[in-house]
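Chain A is the first sequence line, chain B the second, and so forth, proteins listed ahead of strands; every chain is numbered from 1.
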Amino acid sequence: KAGVTQTPRYLIKTRGQQVTLSCSPISGHRSVSWYQQTPGQGLQFLFEYFSETQRNKGNFPGRFSGRQFSNSRSEMNVSTLELGDSALYLCASSLTETDTQYFGPGTRLTVL
Amino acid sequence: AQSVTQLGSHVSVSEGALVLLRCNYSSSVPPYLFWYVQYPNQGLQLLLKYTTGATLVKGINGFEAEFKKSETSFHLTKPSAHMSDAAEYFCAVNPNNAGNMLTFGGGTRLMVKP
C-alpha cells in the first residue's frame with residue numbers, strides 16, 4: 001500500500017506570494033492533519049480534517065488555510081507569504097480521527 | 001494545555017551502548033503517547049505508541065518505552081545502539097485522545113559513535 005504522498009517536495013517562493021501544498025493520504029484513510037516544522041518552533045499542529053470537515057485548528061494566523069476533498073486528498077494554502085513561513089510542512093493521515101498517524105516526506109518551503 | 005518535554009536536545013552514545021531518550025508530559029489525564037523518528041530529509045516514522053493497557057510498549061527496530069503515570073514519563077530505550085539509529089527522535093502526546101492533533105516535544109538528536 002502506498003504511503004502518504006506530498007507534492008511538491010520542494011518549493012521556493014518570494015514574500016507576498018501565496019502557495020498551495022498537496023497531500024494524498026494512504027488509501028482508505030479519512031483523516032488528514034498538517035504540521036509545520038521549523039528549527040525555532042519545532043513541530044506545530046496546523047489543522048486536521050476528517051471527512052471534508054475541519055475538526056481542529058492550531059494557533060496559526062488566518063493566512064494559513066486548508067481543505068479536504070471527497071477523496072480525502074487535502075490541500076493547504078498560505079497567502080501573503082512571510083520569511084518566517086519557511087519550513088517543512090508535513091502531512092499525516094490516519095484511518096479514523098483517533099487512529100495512528102502516518103506521515104508523508106514533507107514539502108520544504110523556502111520564502112525569499 | 002498539554003506539553004511535552006524532552007530532556008537533552010542532543011544525546012551521544014557509542015555503538016553497542018544503551019540508548020535512553022527522556023520524555024515527560026504534563027496532563028491531567030493519561031494521554032496517548034507516541035515516539036516518532038525522523039531521518040534527514042524525511043518525514044516522521046512511528047516507533048511505538050501507548051494508548052491503554054500494558055505500560056511497557058515494544059516498537060520497531062528494538063526500541064521500547066515505559067509509561068510511568070506517577071512520573072508522567074514515557075522514556076525511550078534500546079539496549080544496544082546501532083549506527084543506523086542516528087536520527088532525531090520526537091515524543092508526542094495526543095492531548096484529548098480524540099482527533100488527530102499531536103503535541104510534540106522539542107526533539108532529541110541521537111548521535112552514535114563508532
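- Cluster membership check: B/Phe104 shares its hydrophobic cluster with B/Met101, using side-chain heavy-atom separations under 4.5 Å among Ile, Leu, Val, Met, Phe, Trp and Tyr.
- Atom CG of B/Leu44 and atom CG of A/Leu43 lie 5.5 Å apart (nearest 0.5 Å).
- How far OH of A/Tyr35 is from CG of B/Leu102: 3.5 Å, rounded to the nearest 0.5 Å.
- Looking at B/Gln38, the atoms closer than 4.5 Å to chain A (heavy atoms on both sides) all sit in the side chain, from C-beta outward.
- The neighbour count for A/Asn71 CG, taken as heavy atoms of other residues, nucleotides or ligands under 6.0 Å away, is above 12.
- B/Met111 and B/Leu20 sit in two unconnected hydrophobic clusters of ILVMFWY residues. Membership requires side-chain heavy atoms under 4.5 Å apart, directly or through other members.
- Interface residue A/Leu88: only side-chain heavy atoms are found under 4.5 Å from chain B.
- For CZ of A/Arg15, the number of neighbouring non-hydrogen atoms (other residues, nucleotides, ligands) closer than 6.0 Å is 12 at most.
- Within the 4.5 angstrom heavy-atom criterion, only side-chain atoms of A/Gln37, from C-beta onward, approach chain B.
- Residue A/Gln54 places its CD atom among more than 12 non-hydrogen atoms of other residues, nucleotides or ligands, all under 6.0 Å distant.
- Annotation: A/Phe50, atom CZ; neighbour count of heavy atoms from other residues, nucleotides and ligands within 6.0 Å is above 12.
- The structure places OG1 of B/Thr103 at 10.0 Å from CD of A/Gln44, a figure rounded to the nearest 0.5 Å.
- Atom CG in A/Leu90 sits 11.5 Å away from atom CD in B/Gln42 (nearest 0.5 Å).
- In terms of heavy-atom proximity, B/Tyr36 sits nearest to A/Thr100 at OH-CG2, 4.4 Å.
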